[in-house]
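The analysis underlying the following values was restricted to heavy atoms, covering all of them including side chains, and did not include hydrogens, waters or symmetry mates. Below, read A as the first sequence line, B as the second, and so on, with proteins coming before strands; counting in each chain starts at 1.
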Number of protein chains: 2
Amino acid sequence: MPTKAHHPLVEDFLARLEEKDYRHTGTREEVARAVAQQGSHFTAEALCEALPRVGRATVYRNVKLLVEMGFLCRVLMEDGELHYQVSHKGHHHHLICTYCGQSQDLLNCDFQGLLKEKASTQGFEVEGHTVELYGRCRTCASEATAS
Amino acid sequence: MPTKAHHPLVEDFLARLEEKDYRHTGTREEVARAVAQQGSHFTAEALCEALPRVGRATVYRNVKLLVEMGFLCRVLMEDGELHYQVSHKGHHHHLICTYCGQSQDLLNCDFQGLLKEKASTQGFEVEGHTVELYGRCRTCASEATAS
DNA sequence: GCCATATTGAGATTGAGTATCAAATGAGCA
DNA sequence: TGCTCATTTGATACTCAATCTCAATATGGC
């Protein structure tokens, strides 16, 4: 199958597949391309709908692969639903707007040190953490102020 | 139905039910007692097993009630499974040991201010957040050191 | 092109949680 | 104490996300 689009995520994913001795299949490329076309965050189910010719199990398998390889990250919504979004590399947290639903990354923020220090006073060794922030994005906040 | 045990959680729950014009039923008391007897954290399903004579739907309904009233809080495990644990009142975070599974509360820790400040540099107004920490509790950490 | 094996897809299955609705129960009141 | 009626309960069906199974297919090395 010829490579049509040249989205960096698709390219990088295919390169990484080769690197790790996974096979480069047409289906994987399709999934990666669909992921790249999703806005902000999306559910695995939405991806399935965007890829009607690809089996549900395969979509889930490839999403898992993309997460393991760091191309996608999980976003936990306030109602407990699991979404995914294209990942900026490296550790970061999500700012999820509960008004418009958009998600952005919280940049330049290192809690690990603070968390470790706090937890160590109780003898606890922190190895990992999850942080999700909910509130209003800039646009929604200014709309609220304007009205 | 006579009140047999006098666990504070059970007592407080029953008092709050009255306060909020919910009915004090034998089933609610049973559920509260079972919750009080669970160690650390537990799933709704485990509660169902501990209460074979109570319907699954009723267990879920009462767990939801206990959460709304602040007697229970949700604990998100690293694999995404939802557990519950008896809540210390007030905002707090969880330290979840991935070795023995125990959970403890992270006390005296206020991130809200720091989080708000960081997020506001991106124009985001934080209204809520979730934080879960994973690692080794004191016991598991010292066992690892000893071996 | 051939082969061994990784990958895929249809469909069954699991598991958590919710909806339905008739029957049971609790609480106020006579 | 018994009546009455709204609340609560429980059996069951259902939904939804996600995983498992396994035969069919596609891939990459030779």
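Atoms CD (B:Glu81) and P (C:dG15) sit 11 Å apart, rounded to a whole Å. Between the P atom of D:dG28 and the CD atom of A:Glu19 lies a distance of 16 Å, rounded to the nearest Å. Computed from coordinates, the A:Asn62 CG to C:dG9 P distance equals 9 Å when rounded to whole Å. Between the CG atom of B:Leu17 and the C1' atom of D:dA6 there is a distance of 16 Å, given to the nearest Å. Rounded to whole angstrom, the span from the NE2 atom of B:His83 across to the C1' atom of C:dG17 amounts to 15 Å. Regarding A:Asp79, its CG atom lies at a distance of 14 Å from the P atom of D:dC16, rounded to whole Å. Atom NZ in B:Lys20 sits roughly 23 Å away from atom P in C:dG26 (whole-Å rounding). One interatomic measurement links the two molecules: CD of A:Glu30 to P of D:dT27, which rounds to 11 Å at whole-angstrom precision.
Put simply, the residue from A:Val54, A:Val31, A:Leu47 that forms a side chain to side chain contact (heavy atoms under 4.5 Å, CB included) with A:Asn62 is A:Val31.
The side chain of B:Lys64 places no N or O atom within less than 4.0 Å of a non-bridging phosphate oxygen (OP1 or OP2) of C:dG17. For B:Arg56 and D:dA11, the shortest distance from a side-chain N or O to OP1 or OP2 is not below 4.0 Å. Under 4.0 angstrom from either OP1 or OP2 of D:dT19 there lies no side-chain N or O belonging to A:Tyr60. Residue B:Thr25 places at least one side-chain N or O closer than 4.0 Å to OP1 or OP2 of D:dT9.
With D:dA18, C:dG17, D:dT9 as the candidates, the nucleotide lying closest to the side chain of A:Leu82 is D:dA18. Of the candidates D:dG10, C:dT8, D:dA18, the closest approach to any side-chain atom of A:Thr27 belongs to C:dT8. Proximity note for B:Arg23 (side chain, C-beta onward) versus C:dA27, D:dG10, C:dT7: the nearest is C:dA27.
Using cut-offs of 30° and 60° on the angle between ring planes, the pair A:His94 and A:His92 is perpendicular.
Distance OH/B:Tyr60 to SG/B:Cys48: 5.5 Å, rounded to 0.5 Å.
Residue contacts for B:Arg61: at a heavy-atom cut-off of 4.0 Å it reaches a base atom on one of the strands shown. Residue contacts for A:Thr58: at a heavy-atom cut-off of 4.0 Å it reaches a base atom on one of the strands shown.
Mapping B:Tyr84 and B:Tyr22 onto DNA chain C by nearest heavy atom places B:Tyr84 at the nucleotide closer to the 5' end.
Under 3.5 Å, the side chains of B:His83 and B:Glu81 contain a donor-acceptor pair of N or O atoms.
Applying the 6.0 Å contact sphere to NE2 of A:His91 captures more than 12 heavy atoms from other residues, nucleotides or ligands.
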